[in-house]
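Structure first, then comments.
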Number of protein chains: 2
Amino acid sequence: MAERETRGEDALIQATFAPLASGFSGAFGLKDDCALLTPPSGMDLVLTTDAVAEGVHFFPDDAARDIAWKALAVNVSDLVAKGARPLAYLLGLSFPDRPDDAWLADFQAGLAEAQAAFGLSLAGGDTDRRPGPLSISITAIGTVPQGKFVQRATARSGDLLFLSGTLGGSSLGLLLRRDAAWAVAMGLDEAAVRALVSRYLCPQPKLALAPVISAFASAAMDISDGLVKDCGRLARASGLSAHIEGALVPLSEPVRAAVARSPDLFERVLTGGDDYEVLAAVPPERAVAFREAAAKSGVAVAEVGRLSDGQGVTVTGRDGRALDVMRGGWDHFPP
Amino acid sequence: MAERETRGEDALIQATFAPLASGFSGAFGLKDDCALLTPPSGMDLVLTTDAVAEGVHFFPDDAARDIAWKALAVNVSDLVAKGARPLAYLLGLSFPDRPDDAWLADFQAGLAEAQAAFGLSLAGGDTDRRPGPLSISITAIGTVPQGKFVQRATARSGDLLFLSGTLGGSSLGLLLRRDAAWAVAMGLDEAAVRALVSRYLCPQPKLALAPVISAFASAAMDISDGLVKDCGRLARASGLSAHIEGALVPLSEPVRAAVARSPDLFERVLTGGDDYEVLAAVPPERAVAFREAAAKSGVAVAEVGRLSDGQGVTVTGRDGRALDVMRGGWDHFPP
């Protein structure tokens, strides 16, 4: 047996992934089967797992760098909405064939960028080869001060619903990624197209908002399957009804322009997935302090609705009239 | 929107998987995006992730119950070899189509059995639909007293190599699973065939050995890609060479019978994967105490070799002559 494996599975792991684990001593340079994590004193751990697969969550010809970023971002988004700070992640990769070195280098660069941006480190993983789409399965671990985890099911009647950032950029970005010609029909210029597609390819979890969520929200979750569907989940888990005021939902400039040209798109804005913003339920008496703390964190938040007794979700459009968007949202196993 | 979703993704999760999470309060009934884990005081956490996919790690017509068991067992095996006690796991599932209810019920039963046997609970997960093989991706979390994690890279020259249980049952079980007629050629009776196939389908991690490993081993790992290959990994990580005495490698009765009939099979025993036994490096002065503690735990261990200065792995056959099995072992990306 050679002194060092220079090819094969172990070599692939050492060349491409071990450098990403150098900041985490419990990763043992990815030469062990397990990672060791000494929990920081006074902190709870927050765990989430999300996979992305070629042809489902990303396109086969997306840049490896973007695929890597998104795989990590969708997990970090879950942590942020619970008030947690990212700490480490485990990476499960399935390739139909050995990827070429250029692809791997680009993928590594995307993970490195995302790690630096989100403040977490690779701790361990698993790589195999199998038929089917390239898939990237991530388990992310974050920390939150003991007792400060923000659940989905703990909203109270009367809480205001706040949304971070802007909505709909990602679902319009997906339309453009599928059909570049659609930009012309919508009168979108090159900068607008770039902004929307980038919103879809490279979501930006609102890390700075995590401590604000933890301090002020009675319940929160990230919006990944569309605002209406995810808001319904938060309301149902809390045993409440929700109302969303479409006119209050913040839109980025290109989304606003597209909706102005084609008002029917607004329904897609409300139900399209992949936004990765935070939806937070905040008691009215804390709303001013929440807004101020969010502003200080540099993350825009907007009041978009309210929770009440009862059940179900109602939505009004930008004109104030009731909208019927109840069946919207992404479902892997549609009824 | 209905009061409760009775179909679709959320309903699938609630019906099939939420009952498996009822023992873990931080799972929030699988109604949250994240799991909350308050680390037990004085303990380090051990994390591992391993995926199994149809057509690679199991056969399409394997029982759902066995598939579930194996997916969990291969992860628990990693924890055990580090001296850790299983605590919780996250489950990532990818289905090409919605599985039927009978399959899901059987799969749930297999997870429930494995959870009970291994002492851990479902804490969270992710389910999606995508083309390609059914795949099950697990991240398992265990606990070990602070500072008691057993690494792979910390063996010392002169350490004895111990192996738990018996070797080769799984790789012969795989041969039988592929070709039942082979049993006749090998003169194996029905009970022997059942034992070998079961060894392949339902590996039994040696949980009771974990505290013994933690107390006495200077290094350890589980054997999943074949003894020779995994022993090479342990030796290389520790900067040492290893020698394995084939005559000392413990075989179950059916494996012994098959090897007696067809001596060439012994190479497969040494290099075949899926055994999920523990390989431990133990300093000679601790060997007696290690053996005694293992015996008390009810897990058989056998001395199979030794670590020395230098590099590489040498193996002698059952007749004491050098064997050339250096290229053995499973590799997803063979050189």
Side-chain angles (χ1 to χ4, degrees), chain A residues 1 3-4 7-10 12 28 31-39 44-51 53 55-56 78-79 81-82 90 92 94 98 123-133 135 137 139 146 149 151-153 221-222 232-233 237 311-313 326 331-335, chain B residues 1 3 7-10 12 28 31-39 44-51 53 55-56 78-79 81-82 90 92 94 98 123-133 135 137 139 146 149 151-153 221-222 232-233 236-237 311-313 326 331-335:
Chain A
M1 188 172 282
E3 180 183 3
R4 184 178 304 183
R7 301 166 67 190
E9 191 178 330
D10 290 349
L12 176 77
F28 304 109
K31 287 181 176 169
D32 216 301
D33 303 291
C34 294
L36 173 65
L37 174 60
T38 300
D44 284 337
L45 295 179
V46 182
L47 303 164
T48 188
T49 185
D50 256 316
V56 181
D78 279 330
L79 297 179
K82 308 283 104 182
L90 304 174
S94 295
R98 192 192 204 287
D126 176 46
T127 305
D128 68 24
R129 191 157 60 92
R130 66 174 76 154
S135 104
S137 198
T139 296
Q146 260 168 28
F149 179 94
Q151 295 183 43
R152 183 193 286 186
M221 66 185 295
D222 81 324
R233 287 170 163 159
Q311 63 190 46
V313 180
M326 296 303 107
D331 196 314
H332 281 289
F333 301 95
Chain B
M1 186 172 284
E3 178 184 5
R7 301 165 69 190
E9 190 179 331
D10 290 349
L12 176 77
F28 305 109
K31 287 181 175 168
D32 215 301
D33 303 291
C34 294
L36 173 65
L37 174 61
T38 300
D44 284 336
L45 295 178
V46 182
L47 303 164
T48 188
T49 185
D50 256 317
V56 182
D78 279 330
L79 297 180
K82 309 282 103 183
L90 304 174
S94 295
R98 193 191 202 287
D126 176 45
T127 305
D128 67 25
R129 193 156 60 90
R130 65 173 78 154
S135 104
S137 197
T139 297
Q146 260 168 27
F149 179 94
Q151 295 184 42
R152 182 192 287 187
M221 66 185 294
D222 81 324
R233 286 169 164 159
R236 192 167 55 245
Q311 63 191 46
V313 180
M326 296 303 107
D331 196 314
H332 281 289
F333 300 95

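Reminder, nothing fancy here: chain letters follow the sequence lines and each chain counts from 1.
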Exercise for the section: Output, in order, the C-alpha distance, side-chain angles, deciding distance and verdict of side-chain contact (heavy atoms from CB on, under 4.5 Å) for A:Arg129 and B:Val56. Expected result: CA-CA 8 Å; A:Arg129 191 157 60 92; B:Val56 182; over 6 Å; no
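- When each of A:Ala153, A:Ser94, A:Ala81, A:Ala51 is scored by its heavy-atom pairs under 4.5 Å with chain B, the top score falls to A:Ala51.
- Under the 3.5 Å distance criterion, the side-chain polar atoms of A:Asp32 are left unmatched by any main-chain donor or acceptor of B:Gln151.
- Looking at heavy atoms from C-beta onward, B:Leu90 lies in side-chain contact with A:Leu47 at the 4.5 angstrom threshold.
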Exercise for the section: Let me see the working for A:Asp44 and B:Leu37 under side-chain contact (heavy atoms from CB on, under 4.5 Å), right down to the final yes or no. Expected result: CA-CA 6 Å; A:Asp44 284 337; B:Leu37 174 61; over 6 Å; no
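- Here B:Pro39 is the residue among B:Pro39, B:Gly132, B:Ala53, B:Ala123 with the most heavy-atom pairs under 4.5 Å with chain A.
- At a 4.5 Å heavy-atom cutoff, the contact between A:Ser137 and chain B is made by side-chain atoms alone.
- Top candidate by heavy-atom pairs under 4.5 Å with chain B, chosen from A:Leu79, A:Asp222, A:Thr49, A:Val46, is A:Thr49.
- If you check the side chains of B:Asp33 and A:Thr48, you find no donor sitting under 3.5 Å from an acceptor.
- Comparing A:Ser135, A:Gly124, A:Gly92 by how many heavy-atom pairs each has under 4.5 Å with chain B, the most go to A:Ser135.
- Counting only distance, with no hydrogens or angles, the side chain of A:Asp78 and the backbone of B:Cys34 share no donor-acceptor pair below 3.5 Å.
- With B:Arg130 contributing its side chain and A:Gly55 its backbone, the two residues share no donor-acceptor pair below 3.5 Å.
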